[in-house]
K.L.:
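Before we start, here is the structure in question, set down as structure tokens.
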Amino acid sequence: MTSPRPPSPRTTERLLADDAGIARAANLLRAGGLVAFGTETVYGLGADATNDTAVAGVFSAKGRPQFNPLISHFPDTDAAFAQVQATALARQLADAFWPGPLTLVLPRAPGSTVSDLAAAGLPTLAIRVPAGPVTRSLLARVGRPVAAPSANPSGKVSPSEADHVLAGLAGRIDAVLDSGPCAVGVESTVVDLSRDVPVLLRPGGVSLERLRAVCGPLAHPDDHVHKLPTAPGQLASHYAPDLPVRLDAHAVHPHEALLAFGDELSGAGLVWNLSPEGSLDEAAARLFAGLRFLDSEGRRRGLTAIAAQPIPRHGLGLAIRDRLRRAATPASTR
Ligand code: TXA
Ligand code: MG
């Protein structure tokens with residue numbers, strides 16, 4: 001028989017974010033296991049980035065349609081920059097935003113130990129130093145780069161809590177290290193520094209305004225996100241609930257679930273308000289949990305769509321709008 005085998009079923013441990021749990025998670029990762037862990041953005045599905053077999057396991061557990069390049073995670077700037085050819089601008093950005101929700105794409109260092117599979121054979125590498133004591137302590141204990149895409153089945157809503165990870169991947173991964181809900185709630189901002197000008201590949205947890213304050217001019221995401229061949233992870237359809245999503249709704253029907261922001265539209269069959277006060281930071285942190293809730297509860301009640309109220313185009317609003325646009329793109333256009 002030559003047909004590909006699905007990943008063998010395994011028991012998924014739920015680990016507490018105490019010393020013993022962190023040590024167990026680190027040992028599993030060092031042994032080639034798949035361990036989901038919380039970061040300040042979303043939960044990542046981690047594997048030893050220097051181990052091709054472990055990295056291949058990430059793709060099969062997620063059911064990824066292709067080998068997209070993965071972000072390598074590090075406990076500190078020195079460990080991260082050992083894998084790439086850092087530039088002066090990379091150092092300035094690292095000083096300003098690490099640890100934190102920023103990913104830098106740079107040419108790989110000749111001595112980089114990251115597997116070609118994790119880097120998808122590209123001459124560049126995406127690196128990041130995530131925030132949070134549990135995350136950094138885990139990465140320090142692993143002592144190797146940890147590759148980690150968001151810990152959800154490919155194309156589905158990203159996880160911002162350990163329960164979300166288990167809902168999608170239980171039985172397919174070795175463990176989830178539960179560090180509670182993620183503070184930022186949307187993925188890191190990805191900036192490509194390997195070109196003549198810095199290019200924003202993905203809006204995320206560091207806003208464009210804050211980036212520009214350090215970088216100066218930066219190519220705008222809407223000009224580039226769908227065009228750049230070096231961001232193969234940017235599928236148009238992504239983060240998709242099962243119910244169709246309708247954007248920029250100014251009215252809502254009783255057969256729709258409403259993803260509200262600020263003052264709620266009336267008349268919806270079900271409501272999740274991202275932030276009644278209109279805070280974009282709060283809205284980002286509540287986005288993926290809200291999409292999950294409206295999708296599952298909405299379907300249970302027989303609703304037919306999710307209507308999303310307009311989100312302003314500043315601060316984390318850009319990242320939220322990007323994720324909602326992908327959630328609204330039918331999977332058939334992938
Ligand atoms: O917040 C985050 O970034 C989360 C947490 C777990 O760290 N991770 C995450 O990973 O969102 P993932 O695999 O879902 O998204 C990685 C993004 C993709 O858009 C991918 O194309 C891009 O980073 N990327 C990775 N390596 C790249 C490279 N060498 N060149 C260009 N883009 C790259
Ligand atoms: Mg993802």
Side-chain angles (χ1 to χ4, degrees), residues 35-47 49 55 58-59 62-74 80 83-84 97-108 112 114 116-132 135-136 138-139 145-160 164-165 168-169 176-177 179 182-195 198-206 221 224-240 284 288 316 319 322-323 326-327:
V35 178
F37 60 97
T39 75
E40 80 280 43
T41 59
V42 299
Y43 275 73
L45 176 54
V55 172
V58 168
F59 292 110
K62 280 182 64 90
R64 270 215 174 176
Q66 68 221 45
F67 290 163
N68 298 322
L70 304 179
I71 298 170
S72 289
H73 296 69
F74 301 89
Q83 298 287 334
V84 296
F97 299 115
W98 281 353
L102 177 68
T103 294
L104 300 178
V105 174
L106 286 157
R108 289 178 73 169
S112 166
V114 171
D116 279 334
L117 186 54
L122 294 172
T124 53
L125 187 67
I127 55 172
R128 129 169 162 85
V129 177
T135 316
R136 295 183 76 199
L138 171 69
L139 294 171
V146 173
S150 52
N152 49 280
S154 184
K156 297 294 183 185
V157 179
S158 297
S160 53
H164 301 165
V165 175
L169 296 176
V176 56
L177 179 62
S179 52
C182 302
V184 176
V186 289
E187 291 85 347
S188 60
T189 302
V190 182
V191 178
D192 186 352
L193 297 179
S194 71
R195 296 154 178 268
V199 177
L200 185 61
L201 295 183
R202 178 177 74 183
V206 172
H224 289 268
V225 152
H226 297 293
K227 296 180 193 156
L228 288 172
T230 56
Q234 295 289 10
L235 300 171
S237 169
H238 208 130
Y239 309 96
F288 291 135
L316 293 196
D322 173 77
R323 305 309 185 268
R326 290 168 202 284

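Counting starts at 1 for both ligands and their atoms, in listed order.
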K.L.:
Give a yes or no answer on whether the side chain of R108 reaches the backbone of V114 with a donor-acceptor pair at less than 3.5 Å.
P.N.:
yes
K.L.:
Tell me, please, if S158 has any N/O/S atom, main chain or side chain, under 2.8 Å from the Mg ion (ligand 2)?
P.N.:
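Here the distance criterion (N, O or S atom, under 2.8 Å) is not met by S158, so no.
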K.L.:
So how far is it from W98 CH2 to S188 OG, rounded to the nearest 0.5 Å?
P.N.:
10.0 Å
K.L.:
Heavy-atom pairs closer than 4.0 Å: do any link ligand 1 to the side chain of V105, the backbone, both, or neither?
P.N.:
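Answer for V105: side chain.
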K.L.:
Working to the nearest 0.5 Å, report the span between CD1 of I71 and CG of L104.
P.N.:
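If I round to the nearest 0.5 Å, the distance is 10.0 Å.
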K.L.:
Nearest non-hydrogen contact with atom 5 (C) of ligand 1 belongs to which option: V186, T189, T41?
P.N.:
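Answer by nearest heavy atom: T41.
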K.L.:
Answer yes or no: is there an ion pair linking R128 with E40, defined by an N-O contact shorter than 4.0 Å?
P.N.:
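Yes.
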K.L.:
For L201, take its heavy atoms, then give the atoms of ligand 1 lying under 4.0 Å from any of them.
P.N.:
31 (C), 32 (N)
K.L.:
Would you please determine whether A148 falls within less than 4.0 Å of ligand 1 on a heavy-atom basis?
P.N.:
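Per 4.0 Å heavy-atom rule, A148 contacts ligand 1.
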K.L.:
Roughly how far, to the nearest 0.5 Å, is the CZ atom of F37 from the CG atom of L139?
P.N.:
5.5 Å
K.L.:
Go through ligand 1 atom by atom and flag the ones less than 4.0 Å from a non-hydrogen atom of S150.
P.N.:
9 (C), 10 (O), 14 (O)
K.L.:
Just verifying a value: how many Å separate F74 CZ and Q83 CD, rounded to the nearest 0.5 Å?
P.N.:
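It comes to 4.5 Å.
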K.L.:
Find all atoms of ligand 1 within a distance of less than 4.0 Å from any non-hydrogen atom belonging to G44, and give their numbers and elements.
P.N.:
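Ligand 1 atoms under the 4.0 Å threshold to G44: 6 (C).
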K.L.:
Of all the atoms in ligand 1, which lie at a distance below 4.0 Å from a heavy atom belonging to L122?
P.N.:
28 (C), 29 (N)
K.L.:
What about Y43: any of its N or O atoms under 3.5 Å from an N or O on ligand 1?
P.N.:
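Such a contact does not occur with ligand 1.
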K.L.:
Any idea which atoms of ligand 1 are less than 4.0 Å away from a heavy-atom of T124?
P.N.:
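In order of number, 28 (C), 29 (N), 30 (N).
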K.L.:
Please list, chain by chain and in numerical order, all residues satisfying side chain to side chain donor-acceptor pair (under 3.5 Å) with T189, sequence neighbours excluded.
P.N.:
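If we apply the side chain to side chain donor-acceptor pair (under 3.5 Å) test to T189, skipping adjacent residues, there are no hits.
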K.L.:
Report, in ascending order of atom number, the atoms of ligand 1 lying under 4.0 Å from any heavy atom of A126.
P.N.:
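Per the distance check, 25 (C), 26 (N), 27 (C).
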K.L.:
Taking only residues two or more places apart in sequence or in another chain, which ones pass side chain to side chain donor-acceptor pair (under 3.5 Å) with R136?
P.N.:
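For R136 there are no side chain to side chain donor-acceptor pair (under 3.5 Å) partners, ignoring immediate neighbours.
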K.L.:
Side chain, backbone, both or neither: which part of N68 comes within less than 4.0 Å of ligand 1 when only heavy atoms are counted?
P.N.:
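N68 to ligand 1: no contact under 4.0 Å from either part.
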K.L.:
Is there a heavy atom in D192 that sits closer than 4.0 Å to ligand 1?
P.N.:
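No.
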K.L.:
Could you check which of T39, I71, I127, L102 puts a non-hydrogen atom nearest to atom 16 (C) of ligand 1?
P.N.:
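Among T39, I71, I127, L102, the closest heavy atom to atom 16 (C) of ligand 1 comes from I71.
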K.L.:
Just by modelled atom types, is the N152 backbone N or O under 3.5 Å from a matching donor or acceptor in the S150 side chain?
P.N.:
no
